[in-house]
Each structure stands twice: as C-alpha cells, then as structure tokens.
Amino acid sequence: MCVIIVWRISPDFSVKAKKPPLMVHAAENSHYLCLTVDSQRIDYKLKRQDSTKTLLIKSEQLLRIEEHDFAMRPGFGGAPIPVGIDVQVESIDSISEVNMDFTMTLYLRHYWKDERLAFPSRNNQSRTFDSRLVKKIWVPDVFFVHSKRSFIHDTTMENIMLRVYPDGKILYSVRVTVTALCSMDFSSFPLDTQNCSLELESYAYNENDLMLYWKNGNDSLRTDEIVLSQFFIEHFQASSGLAFYSSTGWYNRLFITFILRRHIFFFMLQTYFPTMLMVVLSWVSFWIDRRAVPARVSLGITTVLTMSTIITGVSASMPQVSYVKAVDIYLWTSFLFVFLSVIEYAAVNYCTTLEEMRKMKRGKIPSTFNASQAMAFDGCFHDNDIELTTFPRLAPTLTSDPLTSPTQSSDMRPTEGTRLRRQRSVRENVDLLVNNSYMIDSYSRLAFPLSYLLFNTIYWSMYS
C-alpha cells in the first residue's frame with residue numbers, strides 16, 4: 001500500500017511553480033508514521049492514568065466545569081457545607097482615633113470540598129490556578145462585617161490562588177486589605193487599652209447552608225512580627241459565634257480580636273512634660289516682687305496662653321466625644337493651677353493697694369509722695385524710696401499684735417486669774433492677710449506645689 005502526498009504550489013510564486021509536485025511513497029516513510037501513531041497512543045494512555053502529567057487536556061475539561069451548575073453550592077439540598085478559615089495577618093497599616101477604625105492587610109484562606117471538581121491523578125498531586133478559573137466555579141461569599149473599605153491586591157496580577165486536589169478538596173487564598181470599624185473608648189486616653197476585632201461572615205448562606213469554622217482552632221490565626229508607632233499589640237485571639245438577622249436567620253461569624261495598649265512615652269514628651277513645665281513656670285511669680293506689675297502679669301498671661309495652645313492641639317487630634325478623657329482632666333486641672341496663679345497675683349495686688357491706702361490715711365506715707373517717682377526702671381517699687389514713719393513701740397500686753405517676735409511673746413505669761421485671748425475669727429484672718437499682703441505669696445509658695453503634687457499622685461495612681 002502506498003500513500004501519495006501532493007504538495008500544491010501557489011501560482012503566485014512563479015519560480016516554485018515550475019517545480020514538479022512532491023511525491024512521497026509510503027514505503028520510504030512507513031517507519032516515521034508508525035512512530036507517530038505509537039507516540040499518540042502512549043500520550044493518550046498517560047492522559048487516562050494521570051491527568052496531572054499532561055498538558056493536552058484543558059483545565060476546564062479536566063475539572064468538568066461545563067458539566068455542572070456552579071451557581072449552586074456543593075451538596076445543595078443536603079447538610080450545610082463546612083468551610084474552614086485560617087488567617088495570617090501581614091500588617092496593621094494604621095489605627096485612626098479620629099475615624100475610629102483600623103487598616104489591616106492579611107492572607108485569607110478558605111478550605112472546603114467540592115466533589116464536582118474531583119479529577120483522576122495517580123500521584124495525588126494538586127493543581128494550582130489563578131483568578132481566571134475562580135470566576136467559573138463556586139467559592140464561599142465571605143465578607144468583613146463593619147468594614148468601610150476593602151480590596152484585593154492586584155500587583156502584578158490579582159493576588160488570588162486556587163488549589164484543587166484530586167479528591168475535590170479546595171484551597172482558596174486571597175491577599176486583601178480591609179479598613180474596619182473599631183469602637184474605641186477614650187475615657188482613659190492616652191493611658192488606654194483598646195479592644196478591636198475583625199469579623200468574617202457569609203453574606204448569602206446562613207447556618208443551614210454554610211458552616212464557617214476556624215480550621216485549626218486557635219492556631220488558625222497567625223501573625224508576622226508587627227510593630228506599631230503608638231501601640232503595643234498584647235495578643236491576638238480567634239473566636240466564633242452566631243449572628244441573627246430578623247429577615248434571613250442565623251449566620252456563623254468568626255472573630256479576630258486583638259488588644260492594643262498605647263505607648264505613653266510619646267504623649268509624655270508632647271503633652272505631659274510641657275504642661276508640667278508651664279505649671280511650674282507660673283509659680284515663679286510668687287518669688288517676684290508683688291509691686292512688679294509688668295513682670296508678674298506678663299508671666300501669668302504667657303503661661304495661660306501656652307496652656308490654651310496645648311489643649312487646642314490635643315483636642316484637634318482626637319474625636320469629638322461627649323465624655324471627659326483622662327488627658328482632659330490633667331490638662332484642665334493644670335490650666336486651673338496656672339489660672340489661679342494669675343488670680344493670686346490679682347489678690348496680692350489688690351491687698352497691697354488697700355494696705356498702702358490705709359498707710360496713707362494714717363500718715364505713714366507723706367501726701368507729697370509721688371508713686372511714679374518711686375517706680376524703678378524695672379517697674380518695681382523700692383521701700384527705700386518711700387519715707388515711712390516708725391510705729392511707736394507698744395508695751396507688751398495680752399492684746400498685743402499677733403505678729404510680735406517670739407522673744408516678746410515668750411515674756412507674756414498669763415498670771416493666775418487672767419482670761420486667755422480667744423482664737424481669731426475668719427474675718428480677722430482675712431483682715432490680717434489684707435494688712436499683710438506679702439503673706440499671700442508666702443503661703444502660695446508652699447500651697448501650690450503641694451496641691452499639684454497631690455493631684456499628680458492621685459491621677460497617676462488611678463490611670464496607670
């Protein structure tokens with residue numbers, strides 16, 4: 001038997017048209033044809049034995065995608081299909097106190113079994129596909145509850161992997177970034193600890209159709225080494241529960257819970273230390289001459305305005321909440337100390353004015369005295385510029401002035417039958433301070449630091 005092969009030359013090629021047609025006899029090529037037929041039989045045999053070793057069958061034909069309706073879940077009408085989940089957290093990109101949310105990048109992996117995608121394989125090897133095949137089969141419709149934004153990374157291709165095993169088991173992995181809500185409590189800010197969670201749930205299939213569960217229990221949640229600028233992550237925890245919707249029923253829900261503890265050192269440098277310095281600076285006015293009006297007023301106003309700037313800066317970086325935060329308590333209490341130091345000088349200046357007016361009425365200050373002439377270049381009155389008449393020395397009696405020296409008071413011992421002097425009333429104490437205004441500064445030098453120290457002790461013991 002002979003096989004004749006005719007090669008017809010196109011008339012467009014004039015040179016080749018002159019050649020006679022090519023004739024090949026079967027006897028000359030019988031050995032080559034036999035090898036070709038044998039190799040095709042071997043390939044077909046291998047194809048039937050192990051479909052993972054050949055590239056002649058398309059993936060859609062191998063998985064018999066056209067033979068099934070993948071719009072329906074596996075085992076439709078029967079028991080709910082179990083879908084295992086495990087998560088590897090790659091990073092926590094940002095945490096916003098103003099928007100009360102966090103942004104997390106993670107690898108989300110799904111595990112389930114779909115016998116419709118089973119295929120023969122001698123070595124039990126799996127096949128891996130990209131996102132192009134995912135759109136043609138059934139995959140779980142897991143979504144993030146309370147998410148604001150989310151997307152699947154697509155550089156350089158969509159970060160989606162589908163791995164199908166010969167028995168129909170499937171691994172579906174995606175790399176996704178999600179921004180989700182975190183209900184934060186700022187009552188202890190910045191000494192606070194926040195509890196945030198990322199929740200996963202099936203959107204369309206309730207517990208009668210789909211059962212979500214952590215594939216490896218608590219080990220289903222893995223994290224890389226995550227370092228944040230303002231927070232320290234205490235621990236991650238995986239948990240599960242049920243969510244009820246009145247119109248559709250109960251749904252399985254998985255929780256990724258993590259606890260964040262805020263670093264205090266940043267706020268110590270930016271808020272607490274400057275506030276403490278402003279309060280201490282306001283106490284300097286207690287050691288300045290009470291008649292140096294420009295010096296003490298300018299110092300008080302400067303500290304008050306600086307405290308207002310610090311409070312405004314902290315409030316601008318925080319959400320507008322309706323309750324008092326721990327930093328607000330510290331800032332406003334410190335602002336109160338600074339404000340009281342200004343009020344203290346106003347009281348000292350007023351009492352000094354009253355004291356000088358009374359001395360002028362008593363004749364201790366001559367009528368020809370000019371206050372502007374006694375004012376020094378630095379804005380202070382000096383006692384040596386004022387000619388004061390001396391008080392007449394009084395004999396020591398029981399009704400002597402309480403400001404007498406200890407040596408004088410020690411000699412005044414009450415005799416038998418003498419009536420002791422009663423304690424001074426509140427009004428008498430006020431008159432004493434008015435008549436001796438310098439005592440207000442003396443008491444303030446001790447009262448203000450002790451009060452502020454007591455406040456700091458109570459504050460840090462409560463919130464630390």
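What's counted below: heavy atoms across the whole structure, side chains too, no hydrogens, waters or symmetry copies.
A search for side-chain contact (heavy atoms from CB on, under 4.5 Å) contacts involving Thr128 returns Met161, Arg163, not counting sequence neighbours. Remark: Ile458 pairs with Leu454, Met462 by the side-chain contact (heavy atoms from CB on, under 4.5 Å) rule, at least two apart or across chains. The salt bridge (charged side-chain N to carboxylate O under 4.0 Å, His left out) test applied to Lys215 returns no partner, not counting sequence neighbours. Legend: residues meeting salt bridge (charged side-chain N to carboxylate O under 4.0 Å, His left out) with Arg73, ordered by chain and number and at least two apart, are Asp209. The ring pair (Phe, Tyr, Trp, His ring centres under 6.0 Å) check on Phe267 picks up Phe189, with sequence neighbours excluded. For Thr302, the side-chain contact (heavy atoms from CB on, under 4.5 Å) partners at least two apart in sequence or on another chain are Thr306. When the side-chain contact (heavy atoms from CB on, under 4.5 Å) test is applied to His146, the partners found at least two apart in sequence or on another chain are Leu181, Glu199.
Contacts classified as side chain to side chain donor-acceptor pair (under 3.5 Å) and involving residues 243-252 (residues at least two apart or in different chains) are given here: Glu201-Tyr245, Tyr245-Arg253, Thr248-Tyr251. Sorted by first and then second residue, the pairs that involve residues 265-280 and meet side chain to side chain donor-acceptor pair (under 3.5 Å), not counting sequence neighbours, are Tyr272-Tyr459. Among residue pairs with one or both ends in residues 212-243, those qualifying as ring-ring contact (aromatic ring centres under 6.0 Å, His included) are Phe236-Phe258; sequence neighbours excluded. The disulfide bond (SG atoms under 2.5 Å apart) pairs that include a residue from residues 314-343 number zero, where partners must be two or more places apart or lie in different chains.
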Output a table of donor-acceptor pairs, distance under 3.5 Å, between side-chain atoms of residues 331-343 and any protein atom two or more places apart or on a different chain; print 'none' if there are none.
| from | atom 1 | to | atom 2 | distance (Å) |
| --- | --- | --- | --- | --- |
| Thr333 | OG1 | Ile329 | O | 2.6 |
| Ser334 | OG | Tyr330 | O | 2.8 |
| Ser334 | OG | Tyr452 | OH | 3.0 |
| Ser341 | OG | Val338 | O | 2.5 |

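The nearest pair of heavy atoms linking Pro80 to Leu210 is CB-N, 3.8 Å. Between Ala238 and Asn218, the shortest heavy-atom distance links the atoms O-OD1, 3.6 Å. Nearest heavy-atom pair across Gly241 and Phe255 is N-CE1, 3.7 Å.
The side-chain hydrogen bond (donor to acceptor under 3.5 Å, both in side chains) test with Arg296 singles out one residue from Asp289, Asp441, Asn349, and that residue is Asp441.
Rounded to the nearest 0.5 angstrom, Arg175 CZ and Phe151 CZ are separated by 8.5 Å. The line from CG of Leu162 to NZ of Lys135 is 13.0 Å long, rounded to the nearest 0.5 Å.
Under 3.5 Å, the side chains of Asp86 and Tyr111 contain a donor-acceptor pair of N or O atoms.
Remark: side-chain polar atoms of Arg116 are paired, donor with acceptor, to backbone N or O of Asp69 under 3.5 angstrom.
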